[in-house]
Amino acid sequence: MRVVCVKEEPDTVVTRIDTAMKHCRFSITGIDCADCANDLEYAINRTEGVHNAVIDFMNSTLVYDCEKEHAAETEQRVRETIRKQEPDVV
C-alpha cells in the first residue's frame, strides 16, 4: 500500500465518511422478475430519506442507507413504497 503525499497529489480531497448514516438490510420475497425488482429499486431510491438503495434480485435482499435518527420513519416510508409498487412483496 502506498500513502499519497499532498506534495505529490495537491488536488487530492479527503472527506470524512458520514457516521450519522445507518446501513439497513432486509430480506424480501415475492418479486417475480428482475424488471420488477429494478422498478421497485427505482421507487425506493426516490423515497424520502433513502440513499443508495439496491435490490439484489438473485439473493432477495434490499439494502439502503438512511440517517440514524430517522431510521424508523424511513423504514416505514420504504415499506409503504413497496406496498404501493409491489403489493405481493413481503
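Note: hydrogens, waters and symmetry copies are ignored here, and every other heavy atom, side chains too, is used.
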Exercise. Taking only residues at least two apart or on different chains, which pairs with a member in residues 29-49 satisfy salt bridge (Lys or Arg N to Asp or Glu O under 4.0 Å)?
Worked result: none
For this session: With sequence neighbours excluded, tell me which residues meet side-chain contact (heavy atoms from CB on, under 4.5 Å) with T61.
Result: R25, D56, N59
Exercise. What residues, two or more places apart in sequence or in another chain, satisfy side-chain contact (heavy atoms from CB on, under 4.5 Å) together with K68?
Worked result: K22
For this session: Could you list who else is in V54's hydrophobic cluster, with ILVMFWY side chains joined at under 4.5 Å, directly or through other members?
Result: V63
For this session: Report the hydrophobic cluster partners of Y42, with the cluster defined as I, L, V, M, F, W, Y residues connected by side-chain heavy atoms closer than 4.5 angstrom, directly or transitively.
Result: none
For this session: Any chance you could measure C36, atom SG, to F57, atom CZ, to the nearest 0.5 Å?
Result: 8.0 Å
Problem set entry | Nearest-0.5 Å distance that lies between atom NE2 in H70 and atom CZ in R77 | 8.5 Å
For this session: Scan residues 79-90 for pairs that pass side-chain hydrogen bond (donor to acceptor under 3.5 Å, both in side chains), counting only residues two or more places apart or in two chains.
Result: T47-T81, E75-R79
For this session: Mind checking side chain to side chain donor-acceptor pair (under 3.5 Å) for N52 and listing every partner two or more places apart, or none if nothing turns up?
Result: D65
Exercise. Is the closest side-chain heavy-atom distance between T74 and Y64 below 4.5 Å?
Worked result: yes
For this session: Please examine the side chains of V50 and C66, heavy atoms only from C-beta on, and report whether any two atoms are closer than 4.5 Å.
Result: no
For this session: State, to 0.1 Å, how close E73 and E69 come at their nearest heavy-atom pair, and which atoms those are.
Result: OE1-O, 3.9 Å
Problem set entry | Criterion side-chain contact (heavy atoms from CB on, under 4.5 Å) on I28 and I55, from CA distance to verdict | CA-CA 9 Å; I28 56 174; I55 293 179; 3.8 Å; yes
